[in-house]
Structures are given as C-alpha cells and as structure tokens.
Amino acid sequence: MNSILDSRPDLKSRIDAVAEVAGYLWSKGWAERNGGNITVNITECVDARMEALTSLMPPLPIGRVLPHLKGCWFYCKGTGKRMRDLARYPMQNGSIIRIAPDCASYEIVADLPVLPTSELPSHLSVHNYLTGKGLPYKASLHTHPIELVALTHDRKWMEKDAATRMLWSMIPETRAFCPRGLGMVPYMLPSSQELAQATLEELSRGYDVVMWEKHGVFAVDTDIMNAFDQVDVLNKSAQIYIAARNMGFEPEGMTDCQMDELARVFNLPRQKA
Ligand code: 2HA
Ligand code: ZN
C-alpha cells in the first residue's frame, strides 16, 4: 500500500520516532490497553504535493475554535488504538490530519481514515496555546507512568512543587533534563474540558510536564523523544525514591547547595520557591 511517508524522509523520521516512543511506553508498562495519547505538529514537513491531497472523509468538528492552528498538520494516535500496535504500524493506528481554514474542523488526509484520539480537542487546545505563544514545542505526550502516578495518591506530593523538589533531588539528571519541574493537576474526569483547561493553566505557569492526579502525565516538548525523556527521568527519580523507601529509609536527596551548584553550572532555570 502506498503511504504518505513514501519519499518523505523528514516526515517518516517524525513518525518513526512516534512509533519508537510508543514501543517504549508499552514495554515500560505505561500504556495498558489503549492508554495514553500522542499528537505531533508535523506542519514543517508538509510539501506542496501534500497540500494538494484531498480528505479521506468529510471534515469533522473539533468542538472548539483554535485560531493559531489554521492549516496546521498533525499526526495523531487513533481512538481506541493500542500503543503496542502503533509501535509496529503507526499509520494503521494513527492518522495525519489537517486543520481546516475555519480553525474549527479537521480533515483526515492519510494514510487510512483512522479517527483520532478522543483527547484530540484537548491536545489541539494545547498545541494552539503553544503555537500562539510562539514556543518551539511540537509534540504532546500523555501516558500512565506507574511510579509517578503512585506518588499522586499521597496529598503531600500534590502540594505545589513538592514532588518536583523531591524528584530533582534523587539524581542530578532529573533537574538537568526536566528543568521546569512538574505541574500538578488535582483529579478531574479523563477527557474533560476541565482537565484540558487545568493542564493549559499549568503550561501557562511555565511547566512543560503536568501530572494528572491518580491518572497520568502530560508532557510537551520540541519532539516526541524529548517529551518521552522528560517523563522517563522523572519516573526514574520516583523509582529511586520508592527503592530507598522499600529498603526501609527516607532517601536523603541532594542538598540545596548541590542543586544550586547544578543549576549554576548547567545554566538551568532557578529553583522553584
Ligand atoms: O486515551 O489515556 O486518558 C487514553 C487515555 C485517556
Ligand atoms: Zn490516560
């Protein structure tokens, strides 16, 4: 079967990266059943021949107007699709869509008429915010990392920046590679407008990774691999914390002085108050 990815190496490498990350999510146990979502803004890979492609089905409403996404293109995981299947067959478990000129509907352009995730309106609202702000973020990832989700079952880690401080102090990499820390959103119904709005508010406070209490994590970054890496280092810290607790002690954590040194030497954003 012909694919839109044929003879488009830039586009293919973006989709290959999504498939690679989907495989990691499954093998880490973060993507049970159809859990998790990925959307990637691929507009910069679009050429004139792609622009000329017609929709595989009539335009579908997004459910909101997203003025900054006019004419933008996205790869989206398909609704009800499994990450483990997407890892092998990304174009059968996801699709490429184009936002219509009305900014309120989209067309599925390739390869198959796979309906995008039910989280599409939330993901697109985030992309609309990021693009509107002129930020370089192109990928959004939602997944269910076991140890990070476990932390959110304790009120103390839901306090603003409490989890960030603890996770940063477990291993230097976490502060270095997740320098903005972790925003926290209290439990809200999955897929709800309220959850999308609360996530946007945390992003607007400068976080690029947001924890959803008792559910999962939502991360944005310049590409899907970087979004995955941020979640991976944070979850690694949560695992170290839990390993220490399992050995019967409260881990000491890096000192404030060690963290300040790291921030200074690597020119990281200042520690959160
Ligand atoms: O779409 O994980 O929270 C799958 C999900 C929704
Ligand atoms: Zn979820």
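As the structure lists them, so they are numbered: ligands from 1, and atoms in each ligand from 1. Side chains included, hydrogens not; waters and symmetry mates left out as well; all remaining heavy atoms used. The model shown is predicted, which means the values in this text are computed figures rather than measured ones.
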Exercise. Which residues pass the salt bridge (Lys or Arg N to Asp or Glu O under 4.0 Å) test with E213, sequence neighbours left out?
Worked result: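 Partners of E213 under the salt bridge (Lys or Arg N to Asp or Glu O under 4.0 Å) test: R155.
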Problem set entry | Parallel, tilted or perpendicular: ring planes of F218 versus W212, cut at 30 and 60 degrees |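 Judged by the thresholds at 30° and 60°, the geometry between F218 and W212 is parallel.
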For this session: For Y207 and D161, test the side chains for any donor-to-acceptor distance below 3.5 angstrom and give the result as yes or no.
Result: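 Side chains of Y207 and D161: pair found under 3.5 Å.
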For this session: Using distance alone, with no hydrogens and no angle criterion, decide if S140 and T39 have a side-chain donor and acceptor under 3.5 Å apart.
Result: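 Yes - a donor-acceptor pair under 3.5 Å links their side chains.
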Problem set entry | Pair H123 and H142, ring centroids less than 6.0 Å apart |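 Between H142 and H123, which both carry aromatic rings, the centre distance is not below 6.0 Å.
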N/O to N/O under 3.5 Å, ligand 1 against protein:
unit_1	atom_1	unit_2	atom_2	d
ligand 1	1 (O)	N37	ND2	2.9
ligand 1	2 (O)	G36	N	2.9
ligand 1	2 (O)	H142	NE2	3.2
ligand 1	2 (O)	H144	NE2	3.1
ligand 1	3 (O)	E119	OE2	3.3
ligand 1	3 (O)	H142	NE2	3.2
ligand 1	3 (O)	H215	NE2	2.9

Anything under 3.5 Å between a donor and an acceptor, one on a side chain of residues 132-139, the other on a protein residue two or more places apart or in another chain? List them.
unit_1	atom_1	unit_2	atom_2	d
Y137	OH	D208	OD2	3.1

Problem set entry | ring-ring contact (aromatic ring centres under 6.0 Å, His included) partner of Y241, the single match among F249, W168, W157 |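 Among F249, W168, W157, the one meeting ring-ring contact (aromatic ring centres under 6.0 Å, His included) with Y241 is W157.
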For this session: Give me the protein N, O or S atoms that fall under 2.8 Å of the Zn ion (ligand 2), sorted by chain and residue number.
Result: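 Under 2.8 Å from the Zn ion (ligand 2) - ignoring waters, which are not counted - the protein N, O or S atoms are H142 NE2, H144 NE2, H215 NE2.
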Problem set entry | Member of L151, L167, T174 meeting the side chain to side chain contact (heavy atoms under 4.5 Å, CB included) criterion with L182 |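 Between L182 and the candidates, side chain to side chain contact (heavy atoms under 4.5 Å, CB included) is satisfied uniquely by L167.
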For this session: Using a strict cut-off of less than 4.0 Å between a Lys/Arg side-chain nitrogen and an Asp/Glu carboxylate oxygen, indicate whether E261 and R264 qualify as a salt bridge.
Result: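 No.
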